[in-house]
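Numbering starts at 1 and runs along the sequence shown. Numbering of ligands and ligand atoms starts at 1, following listing order.
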Amino acid sequence: MKILFAASEAYPLVKTGGLGDVIHSLPRALQALGAEVRVVLPAYRLVLEQMESLRIVGWLQVQGAGRRHEVRILEAGSRHLGVPLLLVDAPLLFDRPGNPYLHPDGYNWHDNAERFTVFSRAVARLAADNGLLDWRPDVVHCHDWQAGLVPAFLSLDSRAPASVFTIHNLSYAGIFSHQEFEQLALPKAWWSPDAIEFFGNFSMLKAGIVFSDHVTTVSPTYAEEIQTPAFGYGFDGVLRAMRHKLSGILNGIDTEIWNPATDPYLPSHYSARHRYLAGKRDNKKALLAQLGLDADEAALKTPLLGFIGRLVEQKGIDLLLEAIPALLAHPGVRLVVLGSGESRFENALRELAAIHPGQLLLTLGYSEELAHRIEAGCDLFLMPSRFEPCGLNQLYSLRYGTPPVVHAVGGLADTVVDATRENLEAGRATGFLFRQPTTDALLEAVQRALKLYRNDSDWHRLIRTAMAQDFGWSRSAARYMALYETLRGKSATIHTPSVETAGASPNCHEQP
Ligand code: ADP
């Protein structure tokens with residue numbers, strides 16, 4: 001089974017969130033099951049700077065916005081991702097500072113439509129045209145809106161392999177204007193609600209949904225939720241129409257990188273069986289010291305809460321902000337926050353940290369090292385996301401013996417079992433769930449957690465169960481393999497959308 005992964009980020013080369021983690025770990029897991037996987041990324045400056053040697057595979061002329069790009073396809077070998085890496089090198093579009101989507105000043109690159117259309121056109125050519133790679137994938141697995149046009153371009157080529165499109169987060173939909181649609185010379189027939197038009201604009205995410213042979217999202221619950229107006233971001237209609245080819249496969253985690261027994265970022269190693277108490281304690285002391293606090297015995301005994309994440313509404317940061325004064329009113333409780341994002345949230349956190357010195361320990365920015373240390377050093381991990389396609393941090397915190405307090409949505413509902421008395425006694429409980437996205441519900445769940453924390457035997461049982469969960473990739477990778485098997489040999493058909501309303505046609509891309 002040969003799989004080409006097309007995505008816009010991959011840890012450790014370039015990562016802004018969970019997508020980067022998945023593009024690092026899923027290909028390796030598939031490879032372990034016998035698949036041959038290659039990953040293709042845009043050749044961002046940041047990525048090129050990390051390469052020592054590159055082979056030029058070939059050149060492509062690719063249509064951009066009113067101009068053509070001379071694109072180099074580069075091959076970087078397996079050193080970085082554990083599987084061969086290909087790069088789409090279009091220097092005018094990707095050789096720049098900043099993150100993959102944003103200017104260093106924080107706004108979207110003005111030409112993101114062109115950047116990811118050129119990337120997608122090049123990937124489709126690579127996948128369908130034997131001449132370039134000397135390697136023909138059975139399936140092209142495309143991730144998020146940046147690769148959403150790949151299945152659409154593949155559908156124009158009768159030689160093309162089958163495609164899978166994975167939605168990692170529906171709220172980032174790659175929406176651009178009609179003017180950009182025209183400049184990019186996209187096929188006129190695609191300007192239809194039945195194809196990629198989206199309420200007067202067009203959406204690259206919708207292209208992936210409509211034109212791929214199968215759509216997955218990263219947890220079973222999120223696959224259901226996105227078919228409802230409350231979670232559908234306007235795509236619920238088209239997703240309901242496509243439900244015959246939509247499924248949820250839970251993300252896994254890289255259990256080597258996220259392993260408290262070997263994690264090189266941790267000052268003290270531990271596992272569920274070995275040094276759990278001492279290891280947690282040492283890591284807590286070191287974390288507090290790193291954040292400027294010399295923790296005495298009393299401080300080490302009182303609960304330390306943690307939060308890591310992008311500071312955007314999705315992550316429920318507004319709920320957390322409102323809850324902080326009440327949380328910190330509990331005697332001795334401290335909260336460690338690591339995140340970066342919208343300035344309104346960063347400013348509000350700064351203000352609260354000034355009001356609660358030594359209690360709200362705030363780091364604004366991005367740090368892999370500190371993220372690992374927070375997972376290990378805290379007693380409870382807060383994840384009040386308003387929606388969460390899968391979520392990785394709660395999985396890391398389970399593995400690090402730091403029970404998560406989560407809003408019961410998406411992947412959080414699929415991966416955390418509430419510490420009710422019944423679940424505790426049955427040895428199933430792993431964390432704390434709350435059902436409504438309100439500050440009161442969050443506080444109530446934290447209060448339950450703090451109460452349990454004072455009961456040693458219940459607490460240790462909870463932690464043992466949490467640490468025993470297997471969220472490695474093997475089960476989910478096997479599900480992807482089974483899906484690829486059903487699609488292998490199914491080459492894409494020329495797609496001619498009929499003009500119907502968005503989502504009204506379940507037969508939009510049926511195979512003949
Ligand atoms: P999302 O993809 O929506 O951001 P996930 O929970 O799926 O959320 O994945 C987030 C990933 O990014 C995790 O690996 C998390 O540790 C990491 N992360 C997020 N913010 C930061 C930060 N400020 N510093 C370090 N790591 C971060």
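Side chain of Asp144 to main chain of Gln146: no donor-acceptor pair is present (N/O by atom type, distance under 3.5 Å, no hydrogens or angles). In this structure, the side chain of Ser25 does not engage the main chain of Asp254 through any donor-acceptor pair within 3.5 Å. In terms of modelled atom types and a separation under 3.5 Å, the side chain of Gln314 and the main chain of Asn169 share no donor-acceptor contact.
Among pairs with a residue in residues 37-51, those fulfilling salt bridge (charged side-chain N to carboxylate O under 4.0 Å, His left out) read Arg45-Asp95, at least two apart in sequence or across chains. Within the structure, salt bridge (charged side-chain N to carboxylate O under 4.0 Å, His left out) contacts touching residues 388-413 (residues at least two apart or in different chains) are Lys315-Glu388.
For Arg428, the side-chain hydrogen bond (donor to acceptor under 3.5 Å, both in side chains) partners at least two apart in sequence or on another chain are Asn423.
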Between the protein and ligand 1, which nitrogen or oxygen pairs come in under 3.5 Å, and how far apart is each?
{"from": "ligand 1", "atom 1": "2 (O)", "to": "Gly18", "atom 2": "N", "distance (Å)": "2.6"}
{"from": "ligand 1", "atom 1": "3 (O)", "to": "Arg310", "atom 2": "NH2", "distance (Å)": "2.8"}
{"from": "ligand 1", "atom 1": "3 (O)", "to": "Lys315", "atom 2": "NZ", "distance (Å)": "2.8"}
{"from": "ligand 1", "atom 1": "4 (O)", "to": "Arg310", "atom 2": "NE", "distance (Å)": "2.7"}
{"from": "ligand 1", "atom 1": "6 (O)", "to": "Leu392", "atom 2": "N", "distance (Å)": "3.0"}
{"from": "ligand 1", "atom 1": "7 (O)", "to": "Leu392", "atom 2": "N", "distance (Å)": "3.4"}
{"from": "ligand 1", "atom 1": "8 (O)", "to": "Lys315", "atom 2": "NZ", "distance (Å)": "3.0"}
{"from": "ligand 1", "atom 1": "9 (O)", "to": "Gly18", "atom 2": "N", "distance (Å)": "3.3"}
{"from": "ligand 1", "atom 1": "14 (O)", "to": "Lys15", "atom 2": "NZ", "distance (Å)": "3.0"}
{"from": "ligand 1", "atom 1": "14 (O)", "to": "Asp21", "atom 2": "OD2", "distance (Å)": "2.7"}
{"from": "ligand 1", "atom 1": "16 (O)", "to": "Asn393", "atom 2": "OD1", "distance (Å)": "3.0"}
{"from": "ligand 1", "atom 1": "23 (N)", "to": "Gly365", "atom 2": "O", "distance (Å)": "2.8"}
{"from": "ligand 1", "atom 1": "24 (N)", "to": "Ser367", "atom 2": "N", "distance (Å)": "3.1"}

